[in-house]
Amino acid sequence: MVERIEHNLPREFYLQPTIEVAKALLGKVLFHRHERGIISGRIVETEAYLCDDPACHSSRGMTARNETMFGEPGRAYVYFIYGMYHCFNTVTGPVGVGEGVLVRALEPLDGLELMKENRGTHALANLTSGPGKLCQALGLDLLHKGLDLTGSELVIVDDGMQVAEIVEAPRVGITLAADKQWRFYIRGNRFVSRK
DNA sequence: ACATCGATCTACT
DNA sequence: GTAGATCGATGTA
């Protein structure tokens, strides 16, 4: 019996080029140690946001909202959008640069009952198949902005799972730099937000 | 101070 | 397929 080794992704992981991080995050597991129990899911869809990219929050300089993007890599950048949803990102690149990876979809693993409660639905396929949905399912909001993903109540773990094939596609919901193929997802995964 | 709009989701036709 | 919810961040004055 082979024992699976799980370890938190180290800080250096997030210092790789942002597009590489976006691809490498596919297959990793996001854990939230919630007061009421552990909620986790496997990352199946991501998008890269670079510092010279007009669609990126950091592209017009540091503000109160985006300052965590310019901080330490491996921390959580959470922002509030459309008056009711949150989106979860990992900060990438050296301090001061301002890049990140948006996590767009998860495959639910632990804490299904809590997720269903948080989302107000029982449909498995609808729990975490979008950036707003997964934040609601995991109970993530602005209070989690800045948490250290290498060791806190919110961590990203490598459990050794290998991704068979990565699809590259245009990013979703943006008008600027819409031609860039900086969305990545696991081919065939049912929890991807859009095929 | 005010107007605009967004890295979304749901409900309804 | 399309509209409406809902509000903070941002830009303009």
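Chain letters run A, B, ... following the sequence lines, proteins first and then strands; every chain starts at 1.
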Check your understanding: Pick one: which of A:Leu127, A:Leu124, A:Leu134 meets side-chain contact (heavy atoms from CB on, under 4.5 Å) with A:Phe191?
Key -> A:Leu124
Point to revise | Side chain of A:Thr63 - closest among B:dT8, C:dA9, C:dA5 | key: C:dA9
Exercise for review: Provide the Watson-Crick or G-U wobble partner of B:dA7, both distances under 3.5 Å; none if there is no partner.
Suggested key: none
Check your understanding: B:dC9 phosphate, OP1 or OP2: any side-chain N/O from A:Asn126 under 4.0 angstrom?
Key -> no
Check your understanding: Quick one: A:Met84 CE to B:dA7 C1', roughly how many Å, whole number?
Key -> 16 Å
Practice item. Classify the ring geometry between A:Phe80 and A:His86 as parallel (under 30°), tilted (30 to 60°) or perpendicular (over 60°). Key: tilted
Point to revise | P-based separation of B:dC2 from C:dT6 [nearest Å] | key: 22 Å
Review point. Testing A:Lys145, A:His57, A:Glu67 for side-chain hydrogen bond (donor to acceptor under 3.5 Å, both in side chains) with A:Tyr77, which one passes?
Key: A:His57
Review point. Is the shortest side-chain N/O distance from A:Arg65 to OP1 or OP2 of C:dT10 below 4.0 Å?
Key: yes
Check your understanding: Between B:dA7 atom C1' and A:Glu47 atom CD, what is the distance in whole Å?
Key -> 6 Å
Point to revise | Nearest-nucleotide comparison on DNA chain C, the residue closer to the 5′ end among A:Gly83 and A:Ala64 | key: A:Gly83
Point to revise | A:Asp141 CG to C:dT6 P, straight-line distance once rounded to whole Å | key: 18 Å
Point to revise | For C:dT6, the Watson-Crick or wobble partner whose two distances fall under 3.5 Å | key: none
Practice item. Answer yes if the side chains of A:Glu99 and A:Thr92 hold a donor-acceptor pair under 3.5 Å, and no otherwise. Key: no
**Study point:** Ring-base stacking, A:Tyr82 with B:dT8 (5.5 Å, 30° cut-offs)
**Key:** yes
Exercise for review: Would you mind reading off the distance between A:Phe184 atom CZ and B:dA7 atom C1', rounded to a whole angstrom?
Suggested key: 15 Å
Point to revise | Note: A:Asp148-A:Arg11 ion pair, threshold 4.0 Å (strictly below) | key: yes
Review point. For the pair made of NZ in A:Lys133 and P in B:dC9, what is the distance, rounded to whole Å?
Key: 6 Å
Review point. Closer to the 5' end of DNA chain B via nearest nucleotide, is it A:His57 or A:Thr121?
Key: A:His57
Check your understanding: Which whole-number value in Å describes the distance from A:Glu67 CD to C:dA9 P?
Key -> 11 Å
Review point. How would you label the contact of A:Thr175 with the nucleic acid (heavy atoms, under 4.0 Å): base, sugar-phosphate, or nothing?
Key: nothing
Practice item. Measure the distance between the ring centre of A:Phe80 and the centre of the six-membered base ring of C:dG8, then answer whether it is under 5.5 Å with planes under 30°. Key: no
Check your understanding: Using the C1' atom in both, what is the distance from C:dG1 to B:dA7, to the nearest Å?
Key -> 22 Å
Review point. To the nearest Å, how far apart are A:Leu142 CG and C:dT6 C1'?
Key: 15 Å
**Study point:** Ion pair A:Arg171/A:Glu47, N-O distance below 4.0 Å
**Key:** no
Point to revise | Euclidean distance, atom CD of residue A:Gln136 to atom P of B:dT10 [Å, nearest integer] | key: 7 Å
Check your understanding: When we call it a touch if two heavy atoms are under 4.0 Å apart, what does A:Arg119 touch: a base, just sugar-phosphate, or nothing?
Key -> sugar-phosphate
